[in-house]
Amino acid sequence: MTPIYFTITSAFILGLTGLAFNRSHLLSALLCLEGMMLSLFLALALWSMTMSSPSSSLTPMILLTFSACEASSGLALLVAATRTHGTDHLNNLNLLQC
C-alpha cells in the first residue's frame with residue numbers, strides 16, 4: 001500500500017470512528033461526515049487520474065457537489081436545532097418530544 005492510499009484510508013477510518021464514538025454534538029458529527037466525504041473525494045480523484053478515462057473524470061466533481069449540498073443542509077439543520085432547542089447536543093434532540 002502506497003503512503004497516499006494509506007493516508008486516504010486512515011483519514012476515512014478516523015472520520016468513521018469519530019462519528020461512531022463521539023456523538024455528543026451535532027457539529028462534531030457533521031465535521032466527521034465532511035472529513036469522510038473529502039477523503040472519498042481524494043480517493044475518487046486519484047482513481048480517476050490513474051484510470052485516465054474521460055468517463056470517470058466527472059465522478060469526483062459529482063461527489064464534491066453532493067458533499068457541498070450535504071454540508072449546507074447539515075448546517076441548516078444545526079441552526080434550526082439550535083434555535084428550537086437552544087443547544088446542539090444530540091442526546092437532547094428527540095423527535096418524540098417535538
Side-chain angles (χ1 to χ4, degrees):
M1 181 180 273
T2 61
I4 294 173
Y5 291 126
F6 178 73
T7 305
I8 292 171
T9 306
S10 62
F12 182 79
I13 290 174
L14 185 66
L16 188 63
T17 55
L19 185 63
F21 294 129
N22 190 12
R23 290 196 267 170
S24 60
H25 292 280
L26 183 60
L27 185 61
S28 64
L30 290 174
L31 284 174
C32 290
L33 280 174
E34 193 64 30
M36 289 170 58
M37 290 298 284
L38 286 176
S39 65
L40 282 176
F41 169 72
L42 288 175
L44 274 176
L46 186 66
W47 176 73
S48 68
M49 284 175 45
T50 57
M51 292 295 289
S52 69
S53 69
S55 63
S56 66
S57 64
L58 190 62
T59 307
M61 284 305 186
I62 293 173
L63 182 73
L64 192 62
T65 304
F66 284 136
S67 177
C69 293
E70 176 258 335
S72 66
S73 62
L75 286 177
L77 285 174
L78 176 70
V79 168
T82 305
R83 283 185 181 171
T84 57
H85 296 290
T87 183
D88 69 334
H89 285 114
L90 287 177
N91 55 2
N92 292 340
L93 301 177
N94 191 356
L95 292 176
L96 298 176
Q97 293 176 353
C98 290

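Only a predicted model underlies this, so the values are computations on that prediction, with no experimental measurement involved. One is the number of the first residue; the rest follow in order along the sequence.
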Pair listing, ring pair (Phe, Tyr, Trp, His ring centres under 6.0 Å) test, anchored in residues 16-67, at least two apart: His25-His89
Nearest-0.5 Å distance, OG1 of residue Thr2 to CG of residue Leu46: 7.5 Å
From OG1 (Thr65) to CG (Leu58), nearest 0.5 Å: 8.5 Å
Gap between atom SG of Cys32 and atom CG of Leu27 - 0.5 Å precision: 10.0 Å
Atom pair CG (Leu31) and CG (Leu19), whose distance is rounded to the nearest 0.5 Å: 11.0 Å
Donor-acceptor contacts under 3.5 Å from residues 75-82 side chains, at least two apart:
from  : atom 1 : to    : atom 2 : distance (Å)
Thr82 : OG1    : Leu78 : O      : 2.7

Nearest heavy-atom neighbours spanning Thr7 and Ser10: O-OG, 3.0 Å
Residue list, side chain to side chain contact (heavy atoms under 4.5 Å, CB included) with Leu42, at least two apart or on another chain: Ile8
For Ser72, side chain to side chain contact (heavy atoms under 4.5 Å, CB included) partners two or more places apart: none
Joint cluster assignment, Met61 & Met36, ILVMFWY side-chain distance < 4.5 Å: yes
Those residues that, when tested against Ile13, pass side chain to side chain contact (heavy atoms under 4.5 Å, CB included) (two or more places apart): Thr9, Thr17
Residue pairs fulfilling side-chain hydrogen bond (donor to acceptor under 3.5 Å, both in side chains) with at least one residue in residues 27-42, sequence neighbours excluded: Glu34-Ser67
